[in-house]
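Report on the following structure.
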Amino acid sequence: MRQNRWMVSLFAAGAVAFSAGAAEAAKPAPAKAAPAAEAKKAPEDVWKLIPDTVAEVDGKSVSKDEFVKFLLKSIPDGKIPEGLTAEMIRKEAPGLVKQMVLDRLISAQVEKAGIKSSYEMAKAKLNERFKSFDPQQLEMIKMQMAQSGKDFDKLLDEQAKNPQIQKDVAIGEFLEKNVMKTVKVTDEEVRKYYEDNKATQFTEPADQPDMVRASHILIMAEEGKAKPEEMKAALDKATKIMADLKKNPEKFEEVAKAESQCPSSRQGGSLGAFGKGQMVPEFEKAAFELKEGELTGPVKTKFGYHIIRRDAAKGPTVMPFETVKPQLTKFLESRKQQQAFLDYIKKLETEHKVKYTMPLEVPQLPGAATAPAAK
């Protein structure tokens with residue numbers, strides 16, 4: 001329910017021009033003589049296409065002025081970016097009006113339920129969210145931030161102090177307890193989706209002749225970010241791993257899971273099949289030059305040092321139900337939760353007799369959405 005999320009498409013183009021031109025606009029006029037009658041062109045009234053009443057809630061009008069204030073609160077410095085036109089706002093207004101109304105209605109329900117936004121709640125929820133990340137993925141995020149001079153824990157603390165994030169977390173808590181708690185996915189539903197979509201979503205096609213299948217172990221040391229001593233340490237580690245694997249190649253998956261700093265480590269380093277142009281040049285060249293079963297490395301790329309193994313090509317492979325079941329269950333739960341939320345806001349709009357003067361059709365969830373393939 002973050003306000004900025006709804007507004008990205010509207011203000012992204014104008015924001016760059018605004019930030020670059022703000023300082024120039026603030027400069028005093030040149031001191032040289034100029035005709036007094038030469039005046040700047042009057043700025044466009046970007047709100048001129050918005051009706052005086054944008055919605056009606058519980059029989060009361062929601063005015064254009066309320067809508068404008070709502071939007072300006074969400075824009076940096078409360079100023080309209082240069083390049084933003086009345087027509088651009090008119091096109092985005094229906095969705096933004098709907099967001100404003102729903103923000104009010106749901107916030108009222110949160111308050112009625114006695115859920116108060118706070119730093120403590122936001123911090124706990126953010127910590128919980130990051131704990132659900134794959135440990136190596138989280139470590140990679142922290143490492144990338146550190147190399148950019150940013151502190152992960154400090155950023156997390158700053159986010160938790162943000163009033164809008166605190167509000168989002170409180171709303172999320174309310175929706176989880178009052179809307180999402182009824183969402184259940186049965187084993188029968190998961191099995192049915194799997195069987196109905198096995199051929200299209202859960203069968204990996206055979207590798208094409210112009211593709212290779214490979215696995216790798218990445219020791220991360222990003223070009224331009226890692227210090228010289230970090231680059232050397234990464235190279236030394238990759239060199240040692242390569243030496244060990246030459247003696248015990250059968251331990252590749254085990255070592256990849258323990259040492260690789262790429263998310264593919266969860267699959268024992270497997271990257272699946274790929275064609276030319278899909279990987280960075282150094283990696284691609286090394287992989288395509290290998291024969292099946294061969295190892296090479298360390299191979300340096302902008303990400304760090306890789307140990308690469310060429311794997312055997314595969315024919316069509318049906319993913320077992322038990323393998324995809326956890327991911328598929330989450331996918332179906334997410335789809336049901338989206339529908340539950342749409343049903344809930346429809347119920348709120350009906351109860352509060354909401355009418356929009358700039359109506360927006362609520363998007364329907366696709367009946368044949370594609371589940372994420374398990375790897």
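For reference, positions follow the sequence shown, starting with 1.
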List the atom pairs, with distances to 0.1 Å, where a side-chain N or O of residues 105-113 and a protein N or O form a donor-acceptor pair under 3.5 Å, not counting sequence neighbours.
residue : atom : partner : partner atom : Å
S107    : OG   : D103    : O            : 2.7

Donor-acceptor pairs are to be reported for all side-chain atoms of residues 278-287 against protein atoms at under 3.5 Å, with residues two or more places apart or in another chain.
residue : atom : partner : partner atom : Å
Q278    : OE1  : G275    : N            : 2.5
E284    : OE1  : G277    : N            : 2.5
K285    : NZ   : E289    : OE2          : 2.8

Name every donor-acceptor pair, under 3.5 Å, that has one atom in a side chain of residues 170-181 and the other anywhere in the protein, sequence neighbours excluded.
residue : atom : partner : partner atom : Å
N178    : ND2  : F174    : O            : 2.9

Let me have the donor-acceptor pairs involving side chains of residues 238-251, under 3.5 Å, with sequence neighbours excluded, atom names and distances please.
residue : atom : partner : partner atom : Å
T239    : OG1  : L235    : O            : 2.7
K240    : NZ   : D244    : OD2          : 3.1

Side-chain donor-acceptor pairs of residues 205-218 under 3.5 Å, sequence neighbours excluded:
residue : atom : partner : partner atom : Å
D207    : OD1  : R213    : NH2          : 2.8
D207    : OD2  : R213    : NE           : 2.9
D207    : OD2  : K314    : N            : 2.9
S215    : OG   : D311    : OD2          : 2.6
H216    : ND1  : H306    : ND1          : 3.0
H216    : NE2  : S264    : OG           : 3.4

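Under the salt bridge (charged side-chain N to carboxylate O under 4.0 Å, His left out) criterion, the residue pairs touching residues 51-72 are E66-R104, with sequence neighbours excluded. Residue pairs that meet the salt bridge (charged side-chain N to carboxylate O under 4.0 Å, His left out) test with at least one member in residues 137-148, sequence neighbours left out, do not exist here. Residue pairs satisfying the side-chain hydrogen bond (donor to acceptor under 3.5 Å, both in side chains) criterion with at least one member in residues 221-230, sequence neighbours excluded, are listed as follows: E223-K300. The ring-ring contact (aromatic ring centres under 6.0 Å, His included) analysis of residues 120-141, with sequence neighbours excluded, yields the pairs F130-F133, F130-F152.
The closest side-chain heavy-atom distance from Y305 to K237 is not below 4.5 Å.
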Could you please spell out the steps behind the side chain to side chain contact (heavy atoms under 4.5 Å, CB included) verdict for T323 and F202?
-> CA-CA 10 Å; T323 300; F202 304 107; over 6 Å; no
When you look at N162 and E158, which way does the side chain to side chain donor-acceptor pair (under 3.5 Å) test go after all the steps?
-> CA-CA 7 Å; N162 185 310; E158 288 172 355; over 6 Å; no
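Between P51 and M358, the shortest heavy-atom distance links the atoms CD-SD, 3.5 Å. Between A55 and T357, the closest heavy-atom pair is N-OG1, 4.1 Å.
Residues meeting the salt bridge (charged side-chain N to carboxylate O under 4.0 Å, His left out) test with K198, sequence neighbours left out: E195. When the salt bridge (charged side-chain N to carboxylate O under 4.0 Å, His left out) test is applied to K325, the partners found at least two apart in sequence or on another chain are D187. Residues that satisfy the side-chain contact (heavy atoms from CB on, under 4.5 Å) test with A146, not counting sequence neighbours, are absent from this structure.
Although no hydrogens or angles enter the test, the distance criterion places no donor-acceptor pair under 3.5 Å between the side chain of S265 and the main chain of Q261. A donor-acceptor pair is defined here as one N or O able to donate and one able to accept, closer than 3.5 Å; no such pair exists between the side chain of R90 and the backbone of L49. Of the possible polar contacts, none joining the S148 side chain to the K150 backbone as a donor-acceptor pair under 3.5 Å is found.
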